[in-house]
Amino acid sequence: MSDSIIKPDLSVKVHNLNLKNPVMTASGTFGYGPEFEDFMDVNLLGGILTKACTSKNRDGNRYPRMAETPMGMLNSVGLQNKGVDYFIQNIYPKIKDYTTEVIVNVSDSTVEGYMEVAEKLLPLEKISGIELNISCPNVKEGGMAFGTSCPMAASVTKAVREVYSKTLIVKLSPNVTNIAEIARAVEDEGADSVSLINTLLGMAIDIEKRKPMLSTITGGLSGPAVKPVALRMVWPVANAVKIPVIGMGGISNASDAIEFLLAGATAIQVGTANFIDPAVCVKIIDGIEDYLIRHKFSSVNDIIGKLNIQ
Amino acid sequence: MKRTIHDFRVYQNDHLSNDYFVLYLDCPEKMPEILPGQFVQALVEHSPATYLRRPFSVYHVDEQLNRMALMIKVAGIGTAALMKLSAGDTLNLIYPLGNSFEMPEGDHALLIGGGVGIAPMYMLAKRLHDLGKKVDVLIGGRTSKDIIEPNLYREFGNVHITTDDGSLGEKGMVTQHSLFSGENLPFSKIYACGPDPMMRAVSNLAKSKGIDCEVSLENLMACGIGACLCCIVETNEGNKTSCVEGPVFNTRDLKAWQ
Ligand SMILES: Cc1cc2nc3c(=O)[nH]c(=O)nc-3n(C[C@H](O)[C@H](O)[C@H](O)COP(=O)(O)OP(=O)(O)OC[C@H]3O[C@@H](n4cnc5c(N)ncnc54)[C@H](O)[C@@H]3O)c2cc1C
Ligand SMILES: Cc1cc2nc3c(=O)[nH]c(=O)nc-3n(C[C@H](O)[C@H](O)[C@H](O)COP(=O)(O)O)c2cc1C
Ligand code: FES
């Protein structure tokens with residue numbers, strides 16, 4: 001038997017989460033999972049990050065909420081969701097039998113709000129972790145404000161850590177001067193993992209109407225355009241912390257994903273690329289496997305952080 | 001209804017004018033059922049400036065031959081790239097997307113299309129005709145060049161035309177057509193698709209005459225499958241997605257249109 005037919009091990013561990021493979025979907029780009037069931041078997045994924053969940057119903061920002069930009073898009077959806085109670089009653093039953101990990105993206109405007117959502121999600125058996133979104137650029141209060149200062153990032157992490165005993169991932173904002181410092185601050189307060197990057201602040205103008213393209217004037221940039229920036233943030237963060245790092249930003253294919261793994265990400269998330277190809281995550285999983293076979297690695301863990309800088 | 005992704009093969013690209021074209025597409029596999037008002041998300045290849053897919057209404061469907069057609073007006077970079085497709089090229093579509101027009105209670109419907117907004121009306125006219133309903137079709141445009149394939153609808157009912165410059169049909173906007181001059185209109189339902197101001201004018205007219213009215217909105221979309229929440233419409237029941245809960249809305253539900 002030649003060793004090329006032995007399938008490499010794709011599984012990775014992010015704190016207590018045992019992921020079948022390192023490929024997860026990014027919050028706000030995959031709904032809750034059912035939206036994609038027509039296009040793929042969502043249980044093939046390493047994990048699903050849900051749309052942001054807040055303590056109360058939020059309508060989000062006014063239309064228009066998106067603008068296409070070169071190899072990417074701006075959005076200012078603004079955390080539209082029906083609140084944590086609605087999630088528990090109406091959405092959780094539809095996803096609780098998934099065999100992939102489901103992680104809820106938690107957001108709010110106050111520390112108390114974040115704590116309330118975390119406490120309410122804690123008893124849900126299927127939800128083995130939450131991702132604290134302290135990096136949403138699209139809401140007036142809270143959101144990114146928590147993620148752009150070390151003391152605030154630390155205080156919200158600390159407060160949620162006290163009420164939430166399962167896996168706590170903190171999602172970082174790239175709109176800062178030193179992202180590694182923020183990563184260390186949340187690690188010190190008990191975060192089990194950090195994920196990055198959320199969207200980069202950006203803007204676009206309709207010159208015919210001389211008006212901003214988004215109702216909120218500025219929004220968050222995502223898609224292939226942000227990939228080099230994201231990679232250069234994952235790299236120093238992975239070197240700065242001991243907890244596992246989840247990388248994202250513009251990943252559209254297996255090569256992109258492998259770049260993030262080599263830069264030190266234990267797992268990756270795919271966002272905007274799901275809009276172009278709703279089955280792209282399955283292709284990325286297969287592509288990572290092909291790469292490992294081609295380079296004769298028996299496990300994906302053999303390439304994580306193995307960037308050769310000599 | 002299951003949505004799917006297929007690589008269609010272009011078997012004909014009819015350039016109707018400098019701006020309008022109809023793409024005739026062959027599906028390699030059996031197409032799922034497509035309802036009047038539903039749309040596709042098309043992937044524009046070889047156009048680096050076009051990253052997101054582009055939404056288009058389904059114009060015709062031939063279930064026997066497994067074919068569909070899209071009627072497109074050049075609006076920018078993506079549609080200009082699609083105009084260059086020729087027989088043998090492929091076009092990747094996610095479809096069928098969105099809800100569909102609701103069939104009317106009464107037996108006489110008026111279908112109004114402004115410019116390329118006529119695209120979803122062909123399948124609707126055919127469906128209504130098959131159900132034994134009486135159909136009138138009103139097509140509006142800026143000039144005669146914006147009135148696309150009007151004769152196609154004659155097999156389903158009367159066709160009326162308006163142009164802003166009077167170069168074809170009656171001069172003026174669709175809502176100024178003599179069809180609406182009487183006190184009591186014969187229609188039990190009006191369907192409209194076209195530029196936003198046109199649809200709002202039709203909606204107001206329908207309301208003033210007490211006629212039920214559905215419109216197909218053209219909100220900007222990123223995903224087209226209900227995942228991004230970019231395409232929302234404010235309704236009396238809160239925000240709805242135009243791509244899953246729309247694009248067809250009854251105008252009585254549209255909050256900003258009252
Ligand atoms: C549900 C739905 C059905 C549609 N059906 C058809 C159809 O059958 N035939 C057809 O020709 N067009 C249709 N459209 C509009 C079509 O999607 C846009 O014209 C197209 O996306 C423009 O792409 P572009 O790259 O050429 O333009 P871009 O270069 O992206 O933009 C050029 C101009 O087009 C406008 N535009 C961009 N997107 C839209 C949009 N979604 N709606 C209206 N204007 C837009 C922009 O504001 C801009 O002024 C539909 C739109 C929706 C949402
Ligand atoms: C339409 C849209 C909505 C998003 N909503 C959220 C959200 O609710 N919470 C969050 O943490 N990130 C949200 N994001 C950010 C993504 O999860 C991701 O961090 C970012 O888009 C970068 O990855 P990408 O380039 O692969 O899309 C959203 C992104 C997009 C495009
Ligand atoms: S376009 Fe993404 S939800 Fe409608």
Side-chain angles (χ1 to χ4, degrees), chain A residues 25-40 48 50-52 57-82 86 138 206 208 213-215 219 222-225 250 252 271-280, chain B residues 1-7 32 40-45 47-55 75-79 92-97 196 217-246 249 254-257:
Chain A
T25 58
S27 174
T29 66
F30 205 73
Y32 298 91
E35 290 83 351
F36 284 75
E37 284 176 16
D38 280 350
F39 306 106
M40 63 184 276
I48 295 172
T50 68
K51 175 71 201 159
N57 172 74
R58 279 184 183 244
D59 291 335
N61 294 317
R62 302 202 68 167
Y63 181 87
R65 292 176 170 188
M66 63 148 282
E68 190 181 37
T69 57
M71 288 315 277
M73 64 179 280
L74 289 166
N75 89 81
S76 60
V77 171
L79 307 178
Q80 179 182 327
N81 80 104
K82 294 203 164 93
Y86 182 91
N138 296 323
D206 179 337
E208 298 305 320
M213 299 279 263
L214 300 172
S215 68
S222 65
S252 312
T272 311
N274 292 305
F275 304 160
I276 316 305
D277 178 358
V280 72
Chain B
M1 192 178 323
K2 195 171 153 73
R3 300 158 302 174
T4 174
I5 313 179
H6 280 139
D7 269 328
V40 304
Q41 275 274 65
L43 185 66
V44 187
E45 284 173 277
S47 174
T50 315
Y51 173 62
L52 298 169
R53 286 177 182 258
R54 295 293 190 265
I77 303 167
T79 44
N92 183 275
L93 303 182
I94 305 179
Y95 76 108
L97 302 176
D196 210 64
L217 301 183
E218 293 202 346
N219 280 19
L220 294 172
M221 292 181 181
C223 70
I225 58 176
C228 72
L229 306 183
C230 285
C231 64
I232 51 111
V233 181
E234 285 180 43
T235 74
N236 297 330
E237 294 160 28
N239 285 344
K240 287 196 172 171
T241 54
S242 190
C243 66
V244 173
E245 296 162 288
F249 291 92
L254 297 174
K255 205 169 163 188
W257 289 37

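Naming: A, B, ... by sequence-line order, numbering from 1 per chain.
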ask   = Does the A:Asp38 side chain pair with the main chain of B:Thr4, one donor and one acceptor, at a distance under 3.5 Å?
value = no

request  = Could you tell me whether a side-chain N or O of A:Arg65 sits under 3.5 Å from a main-chain N or O of B:Ile232, the two making a donor and an acceptor?
outcome  = no

inquiry  = Do B:Ile94 and A:Pro278 have side chains that approach each other closer than 4.5 Å (heavy atoms only, starting at C-beta)?
reply    = yes

message = Would you say that A:Pro224 contacts B:Tyr51 through its side chain, given a criterion of any heavy-atom pair below 4.5 Å between the two side chains?
response = yes

message = Let's go through A:Phe275 and B:Ile225 carefully: what are the C-alpha distance in whole Å and the side-chain angles of both, what is the deciding distance for side-chain contact (heavy atoms from CB on, under 4.5 Å) to 0.1 Å, and is it a yes or a no?
response = CA-CA 8 Å; A:Phe275 304 160; B:Ile225 58 176; over 6 Å; no

Separation between CG of A:Asn274 and SG of B:Cys228, rounded to the nearest 0.5 Å = 11.0 Å

note = To the nearest 0.5 Å, atom CG of A:Asp277 lies from atom CG of B:Asn92 at 7.5 Å

Residue pair B:Cys230, A:Val77: steps toward the side-chain contact (heavy atoms from CB on, under 4.5 Å) verdict = CA-CA 6 Å; B:Cys230 285; A:Val77 171; 4.1 Å; yes

key: Working for side-chain contact (heavy atoms from CB on, under 4.5 Å), residues B:Val244 and A:Glu35   = CA-CA 10 Å; B:Val244 173; A:Glu35 290 83 351; over 6 Å; no

remark   = Shortest non-hydrogen pair, B:Leu220 vs A:Tyr63, comes out as N-OH, 2.8 Å

request  = For A:Met66 and B:Ala222, work out which heavy atoms get closest and say how close.
outcome  = SD-N, 3.6 Å

message = With a 4.5 angstrom heavy-atom cut-off, is it the side chain or the backbone of B:Leu52 that approaches chain A, or both, or neither?
response = both

note = Bottom line for B:Ala49: the part with an atom under 4.5 Å from chain A's heavy atoms is backbone

ask   = Salt bridge between A:Glu68 and B:Arg53, side-chain N to carboxylate O under 4.0 Å?
value = no

request  = Walk me through it: do B:Glu234 and A:Arg62 pass the test side-chain contact (heavy atoms from CB on, under 4.5 Å)?
outcome  = CA-CA 9 Å; B:Glu234 285 180 43; A:Arg62 302 202 68 167; 3.1 Å; yes

